[in-house]
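Notes to accompany the following structure.
The structure displayed is predicted, hence computed values, not measured ones. Because only heavy atoms are used, hydrogens play no part in the values below, and waters and symmetry mates are left out as well, while side chains stay in. In what follows, every chain begins at residue 1, and chains take the letters A, B, ... in the order their sequences are listed.
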There are 2 protein chains.
Amino acid sequence: MATIQDVARDAGVSTATVSRVFSAPELVLETTRHKVMEAVTRLGYEPNFAAKSLRTLRTEKILVTVPDISNPFFSQVIRGVEEAALAAGYSVLLGDTRHEETREEQYAAMFRRKEADGLIFLGHRLPDVLAEMVAAKGPKTPIVNGCEFRPGLAVSSAHIDNERAAAEAVEYLYELGHTRVGAVTGPLASPISSDRLNGVLAAAQRHGRASALRIAIGDFSIESGVRQAGELLDEPGRPTAIFCFSDEMAMGALEAIRQRGLRCPEDVSLVGFDDIRFAQYLYPQLTTVRQPKEQIGHEVVRLLLDILADRTSTLQNVTLPHQLVVRSSTAPPSA
Amino acid sequence: MATIQDVARDAGVSTATVSRVFSAPELVLETTRHKVMEAVTRLGYEPNFAAKSLRTLRTEKILVTVPDISNPFFSQVIRGVEEAALAAGYSVLLGDTRHEETREEQYAAMFRRKEADGLIFLGHRLPDVLAEMVAAKGPKTPIVNGCEFRPGLAVSSAHIDNERAAAEAVEYLYELGHTRVGAVTGPLASPISSDRLNGVLAAAQRHGRASALRIAIGDFSIESGVRQAGELLDEPGRPTAIFCFSDEMAMGALEAIRQRGLRCPEDVSLVGFDDIRFAQYLYPQLTTVRQPKEQIGHEVVRLLLDILADRTSTLQNVTLPHQLVVRSSTAPPSA
DNA sequence: CGCTCCGATGTAATCGAAATCATCGATAAC
DNA sequence: GTTATCGATGATTTCGATTACATCGGAGCG
C-alpha cells in the first residue's frame, strides 16, 4: 500500500502538504489539492491508521463490552451505539464478555493499551484496573455504563428507572385483580436485578400482598425462564401471574405454562421486560416493560463523546423513559 | 500513561530489554526480567497499541461486517467468530452495515487503512475497492465470506449448502402429503436467497408440483413475513404449507396465520430457516433448517487465520452441515 | 594465552503520518 | 524603498514501540 511519501513524490509536493489535504484542505491551494488528490487516486492511497493514531494519540474507536450479544436486548442497544458512534466518526470495537470476569479484564487491558478512545460497558462490573483509572482521573475518564447503574462505580450512565418500572409492572398485575404473583429475577449481583426486585417488593407491600409474593432467581436465559417459572407454577397456591425480568425468560415461562397444560393469560398472566423485537410476535403477544434500547445506545455514546470532547466535568446519570406495553399475555384472574 | 522509556529508566535498563521482556522473555535474564516487571507494575505500563502496530504492521484485529446484528442468526455467528478470534489472540471490530452499501464502503475503507488485519463479511456484496484488492493479491487477500457463497467474488468462504437445505425442507413438506406449497424468500440479489429458491424449484419439479408452487419475496424481517405469508394465504387455492427463508419471517408467518383465524400446523404447516435460539420456544415449536451458526463463525476465522499465517495459497469454500429439525409446526395436511 | 563464540544487553534506525517551525514570494503599509 | 504580514508550502521533529546490529564480558578451546 502506498504511503504518504509515495503520494508526495508522485504529486511533487511535500508530505506535509499531502497531510494537510486530508486534515485541513482549506490551507492548500485548489490546484495543489487537485494534484495531490490525483496522486492519491492513482496510487490508491489510504492514510495508515496506526501511524496517524500514534501521532494523534487517538483511535476514533469506542470499545463496547456486552455480557452477551446473542441477546436481542443487547444487540438492539449496540445497534444504537453503533449508529451514534458512526455518526460521530467513531467505529465500534465489540467485546462479548459472556458474563466472564476474565474476558472483562482482557477488554480492560485493550482499553489501557489505548486501542480505543473510550469504553462503554453494558454490564455491571468494572475491572479493578479501570476502577483505579476512574479513581485517578475522576469524571473525565472516558468510561460510561449503559443499561445498569451502580452509584459506587462513579461513572456516567444511561438507563431506565428499573425499580419504578418493575413496580409498575406488578402494580398493573395487582390492579387486574391478581393476588398471588410470582417474579423471576436475574442474578441479584447486578443492580438491574436487585433494583427491579426492590420495586417488586415495594409494590407488593403497598398492596398488602407481600406474603403471597413468590420469588425465583433466574439468569435472564430462556432456559432459566422455563425452569424457574416452572417451579413457581408447581408450588402449592400457584401464582396467577408471573413477572419475568426479561422477555427471554418470559418466553421460557410461556413454555413452562404450556408444558403444564395451562393457558396464558386465562390461567396465568405473564409480563416480561425489555420489549425485544420478538415480544409482540409471541403467542400470546407479550405484555412487557419497554426499554428504549436504541436510545440507551445513543445516550451512552453522547455521554462518552462529551467526556472525550472535554465538554463535561461532572458525572451524569441519565434516566430514560420506560413504558409498560400491555398486550395479550395479561388478563384479570379467572374466577 | 507510562511509556516504554519510563519503564526502561525506572528499571535501569534499555527500552530494547523492556520490549524483549514482553515479546521474547526467554532472551532476558531472570533477574532483569523481574526488575522490569516491577517497574511495569509500579508504573502501570501497557504497551501503546498504535506504536506497536505501526512498527509491526499488524493490528491483531479482525473486522467483521454483518448486515444486521440485531438479527439473532447473525449474532450467533458473530459469537462464534468472536470466540475463535479471541482464542487466537485477535479481537473483533464490528461493523453493522444495515444492508447499506455506503456503510459497507466505510468499513472497506477502514480495512484499507489497515485498522484490521483481516476482514470477514457476512453479507453478499464486496465493495469495489476490496474486489480490486482481491484481484491484485489473489487468494492471499485476508478477506473471507461467511454464510454466503458467490463464486465470482473469489474469496474463501464458509456456509451451508443452501440449495440442498431448502430442497430438503420442501421435500419434507411434499412427503408429508402437501401439494400446495408457498415459499417466502429473502431478497433475490443475495445468493443465500437465490440458491434456496433454486432448491425449492428443483424439489417442486421433482415432485411434479411446480405449477402449484407459490413464491413471495420477503426481506428476512418479521414484518415481511407477516405481509408475504399473508398474501400467500389470501390467494385462492391457499397453500397448506409455507416455507420461510428465515425463522424471523416464519414468526411473522405464524402471526399472519393467526390473524386469519387459521391454525398451525392443522391448517397450515410452517418451516423456517436458521434455527435461531427462539425457534423452539415459539408456539407451535418451529420446524426449521438448522445452520451451524457458531461453527460457521469458527470456520470463517480459521480460514482467515490460515491466510494471515500464510498457511494456504488456494481458495477454500467450505460447506458445513445443515439439518432439518422437525418440531411441531409441520404436520400432514388435514383432509 | 589468545581467539572465537555466545549470552545478555544497549544503540539507533525504523514504521507512516501529524504538527511545529522555517522559508519564500508577494502584497500591503509606512 | 524597506519592512511587517500573510498565504502556501517545505523541512524536520515527534509519537512509542520493535528490531537489526553493535558491544561487552566471560566461557570454552586449541
What does B/L54 touch in the nucleic acid at a heavy-atom separation under 4.0 angstrom: a base, only the sugar-phosphate, or nothing?
-> base
Specify the residue among B/E26 and B/T56 whose closest nucleotide of DNA chain C lies further upstream toward the 5′ end.
-> B/E26
Which part of the nucleic acid, if any, lies within contact of B/T15, taking any heavy atom under 4.0 Å across all strands shown: a base, the sugar-phosphate backbone alone, or nothing?
-> base
Looking across every strand, which nucleic acid part, if any, lies under 4.0 Å from B/T3 by heavy atom: base, sugar-phosphate, or nothing?
-> sugar-phosphate
With a 4.0 Å cut-off (strictly under) to non-hydrogen atoms of chain A, the first and last hit nts on DNA chain C, 5' to 3', are C/dG16 to C/dA19
Using a heavy-atom cut-off of under 4.0 Å over every strand shown, decide if A/E46 touches base, sugar-phosphate, or nothing.
-> sugar-phosphate
In Å and rounded to the nearest 0.5 Å, what is the CG to CD distance from A/D10 to A/Q5?
-> 13.0 Å
Looking across every strand, which nucleic acid part, if any, lies under 4.0 Å from B/V28 by heavy atom: base, sugar-phosphate, or nothing?
-> sugar-phosphate
Quick check: are there more than 12 heavy atoms from other residues, nucleotides or ligands sitting under 6.0 Å from NZ of A/K35?
-> yes
Would you classify A/Y45 as touching base, sugar-phosphate or nothing, given that sugar-phosphate means primed atoms plus P, OP1 and OP2, and contacts are heavy atoms under 4.0 Å?
-> sugar-phosphate
Should the pair B/F22 and B/Y45 be assigned to parallel (<30°), tilted (30 to 60°) or perpendicular (>60°) ring geometry?
-> perpendicular
Base, sugar-phosphate alone, or nothing: which one does B/S53 contact when heavy atoms must sit under 4.0 Å apart?
-> nothing
If you draw the axis of the six-membered ring of A/F49, does the NZ or CZ of A/K61 fall within 45° of it and under 6.0 Å from the ring centre?
-> yes
Roughly how many Å is it from CG in B/L57 to C1' in D/dT18, rounded to a whole number?
-> 11 Å
Are the side chain of A/S193 and the backbone of A/A189 linked by a donor-acceptor contact shorter than 3.5 Å?
-> no
Please work out if B/V13 contacts a base, only the sugar-phosphate, or nothing of the nucleic acid, heavy-atom cut-off 4.0 Å.
-> sugar-phosphate
Can you tell me the distance, in whole Å, between the NZ atom of A/K52 and the C1' atom of D/dT14?
-> 17 Å
Distance (rounded to the nearest 0.5 Å) between B/F149 CZ and B/I192 CD1 | 13.0 Å
